[in-house]
Novice: 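First the structure, then my questions, so here it is.
A quick note: this is a predicted structure, and the numbers were derived from the prediction, not measured. A, B, ... follow the sequence lines: proteins, then strands. Residue 1 opens every chain.
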Amino acid sequence: MSKVALDTLSVKLSQPFVERYFDRSGAEWGVVHPNALVEVVSALKHDPGLDFKLFGSMDAVDRLMLPEPHPRFEVVYLIRSIPLNDVIRLKVRVAELQGEVPELPSITPVYQGANWWERFIWDFYGIRFRGHPDLRRILMYEEFKGHPLRKDYPLRGRQGLLPERPIKDIYRGPGTSSVV
Amino acid sequence: MADVDVAPVLATRREEAMGFLEKMVSKGLGWARKYSLFTYPFATACCGMEYMSVAAARYDIARFGAEFPRFSPRQADLLMVVGTINLKQAPILKRVYEQMCEPKWVVSFGVCASSGGFYDNYAVLQGIDRILPVDVYIPGCPPRPEQVLDGLILLQEKIAGQRHKLVDRSPESPSQAQPGRNYKRTGPPPLEEGFH
């Protein structure tokens, strides 16, 4: 799966991939440089030989606790082609530079379906998408500070919106009443 | 012991008669109220399925008078919080509770509503008793319908033991009082400053 599509992209474009590799399940991945991302997905969608019209999903990986933590984030794109009955797996590596918000070009102008997924990744991983039409949080509330799926966000970092009634009767374990 | 809070010291025959009358009115109102609980099902998660089962023919919550699910807080007097309440939803739940008319009671249906359940994470409120006064907790993930009926009977017993008035001018509500049959009327505990 997706080998033909990746090969076709390699032929059509000059240097679309930084790297290609097979994962544990035998699926092939293409690692794209952030600057080439929009070009690659436009070719995927508009090239008649490729015809990847259905945007599947996006996700991100925070490699902070993994053996190779640099660059810190990986953004994963799964895009489908109905005529070819195929799915292509793309990956973009994003470094977190000191004191800067990690940033990627938005692919929403190409795939409308990526709109909410990019908002999701901004909400939970704090990766900003340059050129996104409306980059707001999508699931967490506006008052929330931080990005909860980052590995350095505390699991119980609750940021309540209401003052809580003091609960004294039941022991609920450490870290259950307030922020962090 | 049962009449301690109703008439502690009887001084005159007038007060004795008034106390007796109030007690009978309270008993009658309690009897009426415990068999006509209109439920507001605040169903947010999988426990909602179990609530439907309780409300449907097999378990039939109508046998206990809690027949009508009312989807307007103005018409309900029992708030059933069915399912996980996350922090984003807590203000909505609080607002629904505040819109309900007195007298009102709250049942926490399932572990997620009662304590957050296994969602001990950044997004979930660790029990609705952190924002609302709760009368009955029903454990279970989700609770069996029999447990829910048991919880409802407990609530009915509690309502029957509470003090009811024809005209209640006091600012506190019975639902915010201490649990138990012979409760003393107290206000809600004060909120701690800077508590998140």
Novice: Less than 4.5 Å to any heavy atom of chain A: does that hold for the side chain of B/K94, its backbone, both, or neither?
Specialist: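 Contact with chain A is through the side chain of B/K94 alone.
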Novice: Which value, rounded to the nearest 0.5 Å, describes the distance between A/Q159 atom CD and B/L87 atom CG?
Specialist: 9.0 Å
Novice: Is there side-chain contact between A/M140 and B/Y122, with heavy atoms separated by less than 4.5 Å?
Specialist: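 Touching, per the 4.5 Å side-chain cut-off.
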Novice: Treat each ILVMFWY residue as a node, draw an edge where side-chain heavy atoms are under 4.5 Å apart, and state whether A/F124 and A/W117 are in one component.
Specialist: yes
Novice: Tell me, side chain or backbone of B/L132 under 4.5 Å from chain A's heavy atoms, or both, or neither?
Specialist: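 For B/L132, the backbone is the part near chain A, not the side chain.
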Novice: Atom CG in A/L139, atom NZ in B/K88: separation rounded to 0.5 Å?
Specialist: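 Here the rounded value is 6.5 Å.
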Novice: Give me the contact list for residues 97-116 of chain A versus chain B, heavy atoms only, anything under 4.5 Å, ordered by residue number.
Specialist: none
Novice: Does B/Y51 belong to the same Ile/Leu/Val/Met/Phe/Trp/Tyr cluster as B/I153, with side-chain heavy atoms less than 4.5 Å apart forming each link?
Specialist: yes
Novice: Flag yes if more than 12 heavy atoms outside B/E98 fall under 6.0 Å of its CD atom; otherwise flag no.
Specialist: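 Check passes, neighbour count above 12.
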Novice: Minimum heavy-atom separation for A/R165 to B/D129, with atom names?
Specialist: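 Reported closest heavy-atom pair: NH1-O, 3.1 Å.
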Novice: With a cut-off of 6.0 Å (strictly less than), are more than 12 heavy atoms of other residues, nucleotides or ligands near CZ of B/R58?
Specialist: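 No, the 6.0 Å shell around CZ holds no more than 12 heavy atoms from other groups.
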Novice: Report whether B/Y40 and B/F68 are members of the same hydrophobic cluster (ILVMFWY, side-chain heavy atoms less than 4.5 Å apart, transitive linking).
Specialist: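 Hydrophobic grouping puts B/Y40 apart from B/F68.
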Novice: Going hydrophobic residue to hydrophobic residue with side-chain gaps under 4.5 angstrom, can you get from B/F38 over to B/F42?
Specialist: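 The answer is no; the residues belong to distinct hydrophobic clusters.
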Novice: Any link between A/W122 and A/I138 through a network of hydrophobic side chains (Ile, Leu, Val, Met, Phe, Trp, Tyr) touching at under 4.5 Å?
Specialist: yes
Novice: Going by an N to O cut-off under 4.0 Å, is there a salt bridge joining B/D120 and A/R156?
Specialist: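 A salt bridge is present here (some side-chain N lies under 4.0 Å from a carboxylate O).
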Novice: Taking the side chain as every heavy atom from C-beta outward, state whether B/N86 and A/Y141 have any atom pair closer than 4.5 Å.
Specialist: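 Side-chain contact under 4.5 Å: no.
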Novice: Could you check whether any side-chain N or O of A/R158 sits under 3.5 Å from a backbone N or O of B/A123, counting only pairs where one atom can act as donor and the other as acceptor?
Specialist: no
